[in-house]
Q: 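Mind looking over this structure? Questions follow.
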Amino acid sequence: QVQLVQSGGGSVQAGASLRLSCAASGRSVGRYTLGWFRQTPGSEREFVAAVDSSGLTSAYADSVKGRFSISRDTDKNEQYLQMNDLKPEDTATYYCAADVRPFLDHMRDYGSPDYWGRGTQVTVSS
């Protein structure tokens, strides 16, 4: 089945930037929606961003609009999350995700993608 291998993350001060990467492998993964979620202890995993199979349409949580940007390399099946102007409330474990549905509605609205990466920690200090 599909495997997601992610990298990036770290500890930064408020206002700094980080870039997360996620490589997807598996049959037909180029037709999947890709995206990112984040989670803190004791809280539900929340949607952050998604990009559809074409790489041309994206969606973001209100809390990150204007600061985060998602993109994908359609040839390499890799996705990226560029995070700018990071805030302490962005501190979380970030998970990349993939869903077999080619459009991003399901990932954005229902939060139950088919595949998950193992997560990477992002810590933002004030």
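Keep in mind the model is a prediction, meaning the values are calculated, not measured.
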Q: For the OG1 atom of Thr123 and the CG atom of Leu86, what is their distance to the nearest 0.5 Å?
A: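 One gets 10.5 Å once the value is rounded to the nearest 0.5 Å.
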Q: How far apart are the closest heavy atoms of Ile70 and Ser58, and which atoms are they?
A: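 Result for this residue pair: CG2-CB, 3.7 Å.
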Q: So how far is it from Ser25 OG to Gln1 CD, rounded to the nearest 0.5 Å?
A: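 CD of Gln1 is found 10.0 Å from OG of Ser25.
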Q: Which pair of heavy atoms, one from Tyr60 and one from Ser69, lies closest together, and at what distance?
A: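 Looks like OH-CA, 3.3 Å.
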Q: Any side-chain to backbone donor/acceptor pair from Thr120 onto Tyr94? Under 3.5 Å, distance only.
A: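 Side chain of Thr120 to backbone of Tyr94: no pair is present.
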Q: Does Phe37 have any ring pair (Phe, Tyr, Trp, His ring centres under 6.0 Å) partners at least two apart in sequence or in another chain, and if so, which?
A: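 If we apply the ring pair (Phe, Tyr, Trp, His ring centres under 6.0 Å) test to Phe37, skipping adjacent residues, the hits are Phe47, Trp116.
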Q: Thr33 side chain to Arg101 main-chain N or O, any donor-acceptor pair under 3.5 Å?
A: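 Judged by distance alone, yes, a pair lies under 3.5 Å.
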Q: For Phe103, which fellow cluster members are found when Ile, Leu, Val, Met, Phe, Trp and Tyr are connected by side-chain heavy-atom distances below 4.5 angstrom, either directly or through intermediates?
A: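 Via sub-4.5 Å side-chain contacts, Phe103 links to none.
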Q: Can you tell me if CD on Gln121 sees more than 12 non-hydrogen neighbours from other groups inside 6.0 Å?
A: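 Atom CD in Gln121 is crowded, with more than 12 foreign heavy atoms closer than 6.0 Å.
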Q: Which atoms form the tightest heavy-atom contact between Asp85 and Arg67, and what is the distance?
A: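 Answer, listing the atom of Asp85 first, then Arg67: O-NH1, 3.0 Å.
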Q: Drop me the distance from Tyr115's OH to Tyr32's OH, to the nearest 0.5 angstrom.
A: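 It comes to 5.0 Å.
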Q: Is any side-chain N of the basic residue among Lys65 and Asp62 closer than 4.0 Å to the acidic one's carboxylate O?
A: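 Salt bridge present between Lys65 and Asp62.
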Q: Is the shortest side-chain heavy-atom distance between Cys96 and Gln79 below 4.5 Å?
A: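 The answer is yes; the side chains approach within 4.5 Å.
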Q: If you take all heavy atoms of Leu4 and Ala24, which pair is closest and at what distance?
A: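 So the minimum-distance heavy-atom pair works out to CD2-CB, 3.4 Å.
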Q: Say you draw a straight line from CG of Leu20 to CG of Leu81; how long is it, rounded to the nearest 0.5 Å?
A: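 CG of Leu81 is found 5.0 Å from CG of Leu20.
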Q: Is there side-chain contact between Met83 and Asp90, with heavy atoms separated by less than 4.5 Å?
A: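 Met83 vs Asp90: side chains apart.
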Q: Measure the shortest side-chain to side-chain distance between Ser112 and His106 over non-hydrogen atoms and say whether it is less than 4.5 angstrom.
A: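 The answer is yes, as the side chains (C-beta and beyond) meet within the 4.5 Å cut-off.
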Q: Between Val64 and Val48, what is the shortest heavy-atom contact and its length?
A: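 What the structure gives for the nearest pair is CG2-O, 3.7 Å.
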Q: Between the side chains of Glu78 and Tyr80, does any donor sit under 3.5 Å from an acceptor?
A: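 Looking only at side-chain atoms, Tyr80 and Glu78 do form a donor-acceptor pair, the distance falling under 3.5 Å.
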Q: Do you reckon Phe68 sits in the same ILVMFWY cluster as Trp36, going by side-chain contacts under 4.5 Å, direct or chained?
A: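 Looking at the clustering, Trp36 is in the same group as Phe68.
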Q: Return a table of donor-acceptor pairs under 3.5 angstrom between the side chains of residues 9-18 and protein atoms on other chains or two or more places apart.
A:
{"unit_1": "Ser17", "atom_1": "OG", "unit_2": "Asn84", "atom_2": "OD1", "d": "2.9"}

Q: Locate the shortest heavy-atom distance separating Ser53 from Arg72; write the atom from each residue and the value.
A: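 In this case the closest contact between Ser53 and Arg72 is CA-NH1, 3.3 Å.
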